[in-house]
Number of protein chains: 2
Amino acid sequence: MENSGRQVKDLLYAQVARIGKAVCSPKRLELIDLLCQGEKPVERLAAEAQISLKLASAHLKELRQAHMVEARKEGKNVYYRLTGEAVADFWVAIRSLAEDRLLDLRAALAKLAEHAHELTPMSREELLARAKNGDVVVLDVRPPSEFASGHLPYAQSMPLDQLKKRLADLPRDKPVVAYCRGPFCLMSKEAVEYLNQQGFHAFRFEDGVAEWRAHGLPVETAPPL
Amino acid sequence: MENSGRQVKDLLYAQVARIGKAVCSPKRLELIDLLCQGEKPVERLAAEAQISLKLASAHLKELRQAHMVEARKEGKNVYYRLTGEAVADFWVAIRSLAEDRLLDLRAALAKLAEHAHELTPMSREELLARAKNGDVVVLDVRPPSEFASGHLPYAQSMPLDQLKKRLADLPRDKPVVAYCRGPFCLMSKEAVEYLNQQGFHAFRFEDGVAEWRAHGLPVETAPPL
DNA sequence: CTAATAATCAAACGTTCGTTGGAGTATGCG
DNA sequence: CGCATACTCCAACGAACGTTTGATTATTAG
């Protein structure tokens with residue numbers, strides 16, 4: 001009786017540990033972060049996480065066995081996606097806990113924002129209101145496919161590699177706020193540094209779509225233009 | 001430049017993976033679950049998780065290195081506690097995700113509730129309101145020390161091993177709702193089965209204090225009597 | 001003081017995990 | 001058809017992990 005209780009408990013905790021095992025590898029976490037931006041084929045995931053295709057495939061298999069991602073085959077490609085928003089929320093939660101508890105991580109993030117003035121001094125709600133009014137221009141500097149599968153309201157797609165060619169589209173008299181995949185992504189930082197060099201009033205917004213949605217705010221999925 | 005970006009990202013994801021590593025072992029998850037009930041010395045943690053003292057010590061060291069628990073020495077004992085409510089919230093979150101995604105876990109939990117009528121057919125808010133009115137009696141069947149360090153409002157302490165002696169304290173004309181450490185704890189199940197055998201109208205409530213608090217509901221820390 | 005308790009440390013075991021290389025499977029193209 | 005692409009499976013390596021054993025450090029009791 002006492003022993004059967006132990007067996008049940010071992011089984012229950014072991015099941016939760018399957019999720020834990022899935023998120024104990026840095027590369028798997030990075031893949032989850034990438035998949036928060038929308039579904040992608042293995043090849044793209046491997047390239048963006050800078051690992052071999054084989055290794056990406058192996059890690060994705062682990063994530064699939066934990067039912068955190070699922071695959072869809074289309075032509076020669078296998079597209080992976082998260083099994084639900086709960087997985088993205090969990091990624092936001094574990095990253096938040098790590099930021100909260102691990103001083104090393106907080107120090108590393110602070111170093112990324114060493115030019116403090118580059119960080120947007122606005123709350124999510126304020127940004128949303130001012131973007132609605134047209135008081136600020138919100139730029140999504142991720143690749144177009146990620147923009148298409150979900151972006152902040154009133155944001156316009158401005159992939160990092162097109163920024164230099166499309167400077168004329170941007171106002172010089174209004175604040176420009178750039179965001180990308182989230183706090184661990186460096187694309188918006190790069191964009192903001194370049195824009196400020198060119199005389200714009202540019203700020204970085206740390207949220208990605210996953211953080212935005214996890215805090216209960218709306219996300220648009222159809223391109224606005 | 002591109003390479004330094006990789007180094008930064010590797011560092012960031014590796015930090016988050018420290019949290020993941022801490023929660024990839026079933027025993028460590030069980031220790032976290034136990035510590036959600038309040039601080040405890042190593043010996044008690046080891047006994048309740050049914051592992052050796054040495055092994056418990058080793059696992060607690062891992063958790064300490066992830067800054068999820070901290071220790072306080074008092075006399076011959078070392079008392080461990082969670083470093084904050086965020087850790088308890090995270091435990092609730094990872095367990096919820098596992099319940100959500102892993103069919104094996106859902107099946108095991110359903111088997112625990114095989115007598116469906118034993119589960120409380122009430123929301124948290126409804127239970128709180130009816131307990132306030134005195135329409136139901138809420139029993140905390142955990143050990144007294146855990147009750148003392150935090151319990152549901154209007155609950156009375158009724159440790160499982162004292163239940164048989166104190167049956168006279170319980171009403172036979174009102175529903176009796178018993179809770180314990182949470183969904184993975186079997187104490188409330190045992191209590192409810194016994195009470196129903198004895199002719200009471202007893203129900204199990206799956207939440208523990210951590211679940212209750214994570215959903216934004218109030219927790220009392222001083223014993224009511 | 002010595003003896004006993006509570007806990008950690010150090011070493012060692014078998015196991016599992018991350019990663020790589022090679023082979024194998026399905027799909028699309030010419 | 002044959003070849004290239006996209007991916008998965010299998011085997012193998014070293015590294016890291018979970019667990020146990022024995023020795024070691026604090027603290028209390030006698």
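Letters A, B, ... are given to chains in the order of the sequence lines, protein chains preceding strands, and every chain is numbered from 1.
- Residues A:K21 and A:S52 each lie close to DNA chain C; by heavy-atom proximity, the contact nearer the 5' end of the strand is made by A:K21.
- Proximity note for A:K76 (side chain, C-beta onward) versus C:dA7, C:dG18, C:dT27: the nearest is C:dT27.
- A residue-by-residue look at A:E74 and A:S25 shows that A:S25 has its nearest nucleotide of DNA chain C further toward the 5' end.
- Contact annotation: side chain of B:K54 to base of D:dG22, donor-acceptor pair present below 3.5 Å.
- The side chain of A:K27 has C:dT19 as its nearest neighbour among C:dG18, D:dT5, C:dT19.
- Look at CG on A:L55: it is 15 Å from P on C:dC17, rounded to the nearest Å.
- Between A:Q65 atom CD and C:dT16 atom P there is a gap of 14 Å when expressed in whole angstrom units.
- With C:dA6, D:dG18, C:dG18 as the candidates, the nucleotide lying closest to the side chain of B:L53 is C:dA6.
- The ring of A:F90 has its center closer than 6.0 angstrom to the ring center of B:F90.
- Side-chain proximity of A:C24 to the nucleotides C:dG18, D:dT28, C:dT27 is greatest for C:dG18.
- Annotation: side chain of A:D10 is not in contact with side chain of A:V8 (no heavy-atom distance under 4.5 Å).
- Picking from C:dT27, D:dT19, D:dA26 the nucleotide with the shortest atom distance to the side chain of B:K73 gives D:dA26.
- The side chain of B:K61 approaches C:dC9 more closely than any other nucleotide in the set C:dT19, D:dT19, C:dC9.
- A salt bridge between A:E48 and B:R6 is absent, with no side-chain N of the basic residue lying under 4.0 Å from a carboxylate O of the acidic one.
- We find that CG of B:L63 is positioned 16 Å from P of C:dA7, with the value rounded to whole Å.
- Atom pair A:L45:CG and D:dA6:C1' shows a separation of 13 Å (rounding to whole Å applied).
- For the pair B:L60 CG and D:dT19 P, the computed distance is 13 Å after rounding to whole Å.
- B:D140 and B:Y179 share a side-chain donor-acceptor pair at under 3.5 Å.
- B:R44 comes within contact range of no nucleotide atom at all, as no heavy-atom separation falls under 4.0 Å.
- Across all strands, A:Y79 comes closer than 4.0 Å to no nucleic acid atom at all (heavy-atom distances).
- Closest of all the heavy-atom pairs between B:R142 and B:G150 is NH2-O, 2.7 Å.
- Residue A:Y80 has no polar side-chain atom (N or O) positioned under 4.0 Å from OP1 or OP2 of D:dA6.
- The distance from atom CZ of B:R72 to atom P of C:dA6 is 16 Å, rounded to the nearest whole Å.
- Distance CD (B:E62) to P (D:dC17): 7 Å, rounded to an integer number of Å.
- Nearest nucleotide to the B:S57 side chain, out of D:dT19, D:dC7, C:dT8: C:dT8.
- Listed nucleotides D:dA6, C:dA7, D:dG18 differ in distance to B:H59; the shortest reach to its side chain belongs to D:dG18.
- Comparing D:dG18, D:dA6, C:dA6 against the side chain of B:N77 picks out C:dA6 as the nearest.
- Going from atom CD of B:E39 over to atom P of C:dA7 covers 12 Å, rounded to whole Å.
- For the pair B:E211 and B:R124, the salt-bridge criterion is not met [side-chain N within less than 4.0 Å of a carboxylate O].
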